[in-house]
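Okay, structure first, notes after.
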Amino acid sequence: MEVLTEKNTKQTPSKPPKSMSPWAIARRKFVRNKLAMVSSFFLLTVMIMSFLAPYITTIDITRVNIGQMSLPPSGEHWLGTDKSGRDVFVRLLYGGRVSLTVGIAATALIVVFGTVIGSIAGYFGGVVDSVLMRFTDFILNFPFLVFVIVLNAILFGKLSGVWVLIVVISVLGWGGVARLVRSKILSEKENEYILAAISIGCKPSKVIIKHLLPNVLSTIIVQATILFATMIVAESGLSYLGFGVPTEVPSWGNMLSTSRDPDVMQNMPWTWIPPAVVLTLTILSINFIGEGIKDALNPKSYR
Amino acid sequence: MNITINHEKISERKTDSGENLLEIKNLKTYYPIKGGFFRRTLGHVKAVDNVSFEIKKGETFGLVGESGCGKSTTGRTILRLLDPTDGQIVFDGNDITNLTGAKLREARKDFQMVFQDPYASLNPMQMVGDIISEPIKNYYPRKKSKEIKTEVMDLLERVGLPSDAYYKYAHEFSGGQRQRIGIARALALKPKLIVADEPVSALDVSVQSQVLNLLKELQDDFDLTYLFIAHDLSVVKHMSDRIGVMYLGNLVEVADKHSIYDEPLHPYTQALISAIPEPDPDKKKERIVLQGDVPSPSNPPSGCPFHTRCPLAKEECSEIKPQLKEVKQNHRVACILYD
Amino acid sequence: MLKYTLRRILGMIPMLFLISVVVFTLALAMPGDPFSGEIDPNNTDPEYIEEMREKLGLNDPIHVQYGRWITNFVQGDFGKSTRYKMPVSDLIAERMPNTIFLGVTSLAITYILAFAMGMYAGRRPYTPGDHFIGGFNYFGLAIPSYIAGVFAIYLFSFQLGWIPFQGSVDITLEKGTLDYWISKIHHVITPAIVLGLLSTASYTQFLRNDIIENSRKDFVRTARAKGTPERKIYNVHILRNSVIPLITFLGFDIVTLVNGAIITEAIFTYPGIGQLFLSSVTNQDYPVLMTLTMMFSFLVLLGNLIADILYGVVDPRIRLD
Amino acid sequence: MKNKKSLYWLLAMLLGLSLVVAACGGDEASDTDETDNTTDNTEQNDSTDTNDTSNDSDENQSDSNEPKKGGTMVFGVDSEPEGLFNWAFYGIVTDADIISLFDEGLIEYDENLKPQPNLATWETEDNKTFTFKFKEGVKWHNGDELTVHDWVFALETIAHPDYDGPRYANVQTIEGAEAYRNGEADSISGVEVIDDYTIKITFDKARVNNLTNLWTYPMNRTAFEGIPVAEMSGSDPVRRNPVGLGPYKVENIIPGESVELVPFEDYWNGEPKLDKIIVKVVDRSSVLGALENGEIDFITVHPSMGPQVEKMNNADLVTYPGLAYYYVGFKLGKFDNESLEIVEKYDKYANKNLRKAMYYAIDRETWIDAFFSGYGKPVNRPVPSAHWIAADDSELNTYPYDPEKAKQLLDEAGYVDVNGDGWREDPNGDEFVVKFSHYDVGDPQYEARAKALTQYWNDIGLKTELDMVEVNLYYEMIEKDNPEIEVFYGGWGTGADPDPSALWKSDALWNYTRYDNPESDQLLDDALDIDIVGTSDEKRKDLYVEWQKIVNEDLPMLYITELEETVAVSKRMGGMEFAVSGWNNPVEWYIAE
């Protein structure tokens with residue numbers, strides 16, 4: 001028996017050769033994806049510049065400068081100023097801060113909530129599943145935009161700032177994630193390692209968190225990138241229509257909504273083309289990153 | 001292949017300590033069938049229908065039957081991975097049928113499982129070391145991680161894996177090695193009973209015997225009792241002390257290995273045994289070929305479940321459901337022929 | 001299948017009921033009375049308002065108010081618009097044809113463009129043409145529709161003067177004439193393209209990938225081996241297989257259109273349901289707002305139902321029961 | 001109590017006609033949230049010499065060539081009409097603009113906002129009973145001849161208990177209207193038909209402004225035959241086939257989108273020259289492009305678009321005086337809606353020097369230039385300059401931009417920075433933050449201009465916070481004296497009748513600042529008292545000037561600006577003229593080229 005011979009070779013537990021975890025494999029594949037890397041670089045730059053905006057510039061972003069209104073781009077104002085005399089470039093940075101915050105916060109809330117609901121429903125099944133999924137269907141059956149607009153109209157002035165919007169779109173947006181996670185959990189649950197986990201004494205919470213979720217995480221991450229892009233579009237679209245973040249808060253959508261003023265649209269393109277371009281490129285790069293992650297996490301690569 | 005190497009050893013094992021480690025009484029596990037306009041429960045799949053047997057301490061009890069006959073369900077129900085519909089499971093003198101929550105978790109320490117599919121039964125996201133140490137961490141949360149690691153290293157060594165396996169992922173191993181990991185995990189808690197659910201059926205024939213032999217060695221070292229589930233009679237024959245034959249959720253015959261193989265009583269057992277390929281090509285024997293398909297467990301035939309395919313079926317077979325009865329010493333069978 | 005469909009339709013009833021409760025609650029929660037628009041701002045006599053409230057039943061317990069509203073609603077009496085002073089049903093009937101026209105045109109354009117581009121790219125993968133279409137798709141998926149709309153108006157209406165910038169038809173034309181319909185199409189074409197941009201991009205992508213995948217399958221190889229002309233292989237064998245899954249998206253299209261119409265109609269000043277909805281929110285025209293919200297919810301419900309049923313029809317492997 | 005109630009009715013009535021809630025600035029916002037009922041300033045005005053503050057309207061129209069016949073004019077409106085095309089039922093300015101193209105009233109207003117005969121002349125001895133004489137042979141679009149019965153029909157419709165429009169206040173003062181509305185009478189006793197062309201109207205009492213408040217738009221009886229009053233607002237003659245008396249008649253309506261008008265051959269007052277008028281809804285974002293491409297011939301534009309229109313080759317900007325003013329109000333007290341009195345006084349902004357300092361701090365000229373492209377000027381009183389009762393600035397205090405004076409006033413009043421944080425504390429040494437609110441309709445410019453105002457106050461050391469509130473909520477909060485509202489931005493429009501009682505008297509709901517000064521109340525009452533002023537406009541004006549001096553000194557609100565009306569007119573248009581009362585009769589309009 002060759003097994004026995006092998007058995008005799010005593011080995012002391014030593015620091016082993018580097019082994020590739022599934023995540024490490026995915027990371028390597030992702031890094032090799034040029035488009036995804038360029039996109040990541042772009043997105044990171046946008047994010048860093050946006051979030052560091054208060055440190056990059058000391059200009060009071062809310063100040064209206066009557067003497068400097070509607071100036072075209074120049075050395076002093078790289079992207080010119082808008083009708084309020086506010087520097088467009090600085091506003092673009094601050095706008096990114098708000099738009100990205102809304103995107104990230106809403107995505108995070110949606111993913112967390114959707115995952116919790118979806119995994120509980122999927123894992124426990126039965127009545128729990130029925131109740132939770134009926135509730136999810138109920139949420140999913142609301143026309144998203146319609147209810148966001150109505151809810152936002154109600155909450156306006158009751159909650160401060162961008163949180164109204166974040167809360168509203170999160171409350172209405174988690175259904176899809178919950179459904180996805182549930183179906184993934186259902187199929188993942190069939191694997192025997194879940195039974196194994198139960199039989200070695202894992203509590204349900206541990207089974208879900210340690211065994212099920214890591215295995216559906218790839219799906220959730222891919223879904224999160226799509227959501228992130230969707231949420232940024234939702235924010236800017238709603239702000240464009242006047243139902244998004246309050247007008248005094250600079251956001252890409254609010255900056256774009258100035259183009260509804262024909263004067264701005266025709267004669268001051270420097271105020272609305274930059275947010276339009278940055279917004280589009282951001283969405284584009286998020287999409288590319290999402291594609292990259294999807295490829296990198298393709299389970300065929302390690303199973 | 002050297003399956004025979006340990007053959008003698010097995011037959012010499014003391015099997016009758018007389019004490020039952022596990023007693024199964026009238027176990028039933030049904031799955032509901034939902035359907036119709038209002039999604040009501042229309043009926044049940046009777047995966048396990050009134051099964052009773054017992055396993056003595058230290059022995060290996062083999063459970064055989066065609067796929068879909070309910071043997072895996074029986075195994076999982078015994079470990080309370082599925083909830084029984086009815087019946088009683090007594091483990092080491094304790095009724096574990098209705099345990100839930102923390103009590104059930106506590107009880108689990110003593111019975112573990114080795115799964116059929118070495119690919120699906122290991123979490124692809126965990127390192128082998130974590131897979132094996134997880135049960136220990138679950139039950140002994142205060143144990144030092146260094147101590148645990150030593151234990152795991154010992155286990156790795158014991159099941160024949162290199163120590164650097166600790167930091168590897170399951171996908172880096174072959175099927176046989178994976179099954180060793182699964183076995184090590186089951187052993188980690190030093191259980192009394194291991195249910196091995198077709199542990200080698202997914203493996204290449206060449207490594208099957210290695211794994212089987214490993215299981216046998218471990219049984220001695222760790223003082224284990226096995227419930228060994230398989231559809232392959234030759235495998236069961238080598239592993240088991242006593243054997244139960246299942247058909248369509250029912251246990252149709254229980255006896256020690258020799259009785260079963262030498263004089264099978266139930267027509268179904270006879271058919272199964274006749275299908276074992278004989279290593280000696282000269283030794284011709286008549287093969288019983290069963291007619292028809294296995295009936296659906298959601299709509300089992302009346303009377304004896306086997307009567308639709310039984311070559312010896314009589315008229316009353318479709319009416320009377322025979323009960324498992326001891327017809328010889330330590331040989332029980334459920335067939336009208338022996339009434 | 002039929003049973004499934006029936007059950008799903010019956011299942012919609014409690015869902016609609018719940019949604020109606022939510023809609024009613026939301027209307028109550030909005031600033032002001034849900035029916036305050038019916039009280040004339042110039043008749044601010046407190047006694048008069050009290051009388052009005054009594055008359056409108058606003059002093060009844062909330063569940064009684066809800067009961068009255070839903071009873072009327074189910075009977076097709078959606079109330080009277082507080083702004084337009086006409087029955088909501090008439091108001092919607094006035095605008096509905098425009099939105100349907102927009103939606104149908106958008107769908108048609110989406111499918112035509114997606115087929116043309118998807119088949120071209122799928123037949124010649126990794127050629128410059130394919131890459132171009134791929135690039136277009138990525139932009140189609142990334143550009144928010146309102147940005148596309150603003151650019152389209154700026155470029156095509158004002159700079160090039162190709163398309164009208166507002167409305168649904170040239171009023172001077174006589175209804176029913178050929179010119180009238182041409183004018184309608186002329187007005188609807190850009191909003192329809194913008195509305196369908198996202199779906200066009202995703203369908204093209206889907207079709208392309210599916211065609212490439214199918215072209216590697218056995219039945220295609222067999223056909224090739226038999227000497228079937230390449231054109232026939234693509235147009236008959238592969239396409240037939242790739243179209244089927246596409247059909248199932250139809251249900252989701254309804255959902256997309258509902259959401260998309262609101263933004264698109266607002267940008268293009270296209271007088272349809274979406275625009276009516278937005279103005280009902282800003283003007284707190286509650287009867288219209290509530291009815292439209294219910295209607296949109298119903299459409300989404302219907303869209304999901306259609307999607308599920310089409311799934312089952314197209315792919316028998318999916319067990320619906 | 002009884003007394004209070006009737007007083008309340010009176011106020012409501014006066015308000016209904018003479019004052020306008022310019023919710024977000026009458027003209028400047030296309031937003032449809034305004035409940036404007038400026039019936040008066042949409043009147044046509046055919047007096048040829050316009051009160052000419054319009055800078056280039058003359059050059060524009062005096063092409064000296066004969067008015068030509070033919071052509072299609074595209075009349076742009078920047079918000080969607082509600083489709084209530086009848087004077088008695090319409091709710092928003094857009095609808096009124098469209099109605100004025102095809103219908104007209106018995107009287108009209110000249111550039112001094114004085115009533116002039118149009119379809120009827122009137123006589124009165126005592127300002128209580130009026131006798132109206134109708135022109136004979138005036139035809140409705142459907143061929144009927146206009147008689148006094150059409151007017152009686154209109155008055156009875158509006159006084160009907162089922163009437164759901166907002167115009168009852170304009171009929172209420174007729175004797176017996178209330179009894180008719182309560183169902184106690186079959187007809188209005190104050191309405192007495194003498195013959196088909198002569199009618200006598202008796203009011204419940206003599207008032208200075210009875211005529212200007214009276215409803216003077218007839219309704220075609222045949223069109224509405226058989227339609228119960230309750231269903232009229234949604235009926236065909238209102239929404240689909242309106243019947244008017246004007247030079248053009250409605251040919252076709254595409255709801256929410258466009259209206260087609262064609263000449264009315266039997267028009268009584270001249271011959272319409274255009275072949276067609278198309279009313280088109282143009283989104284604000286498309287206005288300039290549409291003008292530039294010649295797709296619209298006329299549209300009201302926001303002042304901020306003015307400079308762009310001025311640059312255009314094919315359109316002119318025409319400005320004419322408006323009737324709205326904008327202010328920053330201080331909540332000085334709390335009003336009780338039940339008892340109609342101010343029940344509580346707030347003292348946060350009670351210091352007159354604080355208010356004056358805040359007034360001096362604002363550079364109104366610059367501010368108007370920046371946010372209204374200069375199409376407006378600072379105003380020092382709550383009356384637009386174009387109105388005949390407006391006091392001359394020389395009679396009033398003016399508060400020109402003077403931050404030093406502002407700081408000095410604050411120092412004197414005790415608002416000084418005691419803790420050295422750069423902001424002034426109140427006289428007790430407690431933190432003092434001005435809370436300024438502005439309505440939000442989603443237009444970023446609103447936020448900018450509000451922010452600019454807060455900056456002026458910040459600059460003199462008053463810490464100011466800005467709160468943008470959704471517009472519907474905003475007016476509700478102001479009206480209910482919500483404590484969240486302290487200092488607020490607002491606008492009022494005035495109508496033909498100058499009486500400001502409904503906005504300024506201490507028992508008026510719309511006295512948003514809760515200004516309470518018996519002297520002011522007395523002056524406003526006197527100006528309406530026929531025993532004091534008789535029929536003399538001079539006497540009335542003197543009282544109002546006196547009143548303006550008081551509110552200019554008390555400053556319950558800071559009067560910021562009055563805006564000019566700005567409209568864009570295509571260069572090919574001829575015959576269009578504008579005055580404070582609106583545009584001239586469309587019958588004069590033609591296409592020059």
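Naming convention: chains lettered A, B, ... in sequence-line order (proteins, then strands); numbering from 1 in each chain. All of these numbers come straight from a predicted model, not from anything done at the bench.
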In terms of heavy-atom proximity below 4.5 Å to chain C, should [X] be classed as side chain, backbone, both, or neither?
X      : value
A/A229 : neither
A/F138 : both
A/L140 : backbone
A/S285 : neither
A/L284 : both

Specify the closest pair of heavy atoms between [X] and [Y], including all atoms of both residues, with the distance to one decimal.
X      : Y      : answer
A/K189 : A/G122 : NZ-O, 3.2 Å
A/M133 : A/A121 : CE-CB, 3.8 Å
C/V194 : C/S145 : CG1-O, 3.4 Å

Exercise. Looking at C/L299, C/I143, C/L292, which makes the most heavy-atom pairs under 4.5 Å with chain A?
Worked result: C/I143
For this session: Between chain A and each of C/L289, C/I263, C/V150, C/N304, count heavy-atom pairs under 4.5 Å; write down the option with the most.
Result: C/V150
Exercise. So A/D129 and A/R182, salt bridge (charged side-chain N to carboxylate O under 4.0 Å, His left out) or not? Walk me through it.
Worked result: CA-CA 9 Å; A/D129 182 36; A/R182 172 184 172 268; 2.6 Å; yes
Exercise. What orientation do C/F277 and C/F296 show, parallel under 30°, tilted 30 to 60°, or perpendicular over 60°?
Worked result: perpendicular
Does any heavy atom of chain A fall under 4.5 Å from the side chain of [X], the backbone, both, or neither of them?
X      : result
C/V281 : side chain
C/Y138 : both
C/L141 : both

For this session: Please determine if C/R208 forms a cation-pi arrangement with C/F136, meaning its NZ or CZ atom is less than 6.0 Å from the six-membered ring centre and no more than 45° off the ring axis.
Result: no
Exercise. C/F151 and A/W272: aromatic ring centres closer than 6.0 Å?
Worked result: yes
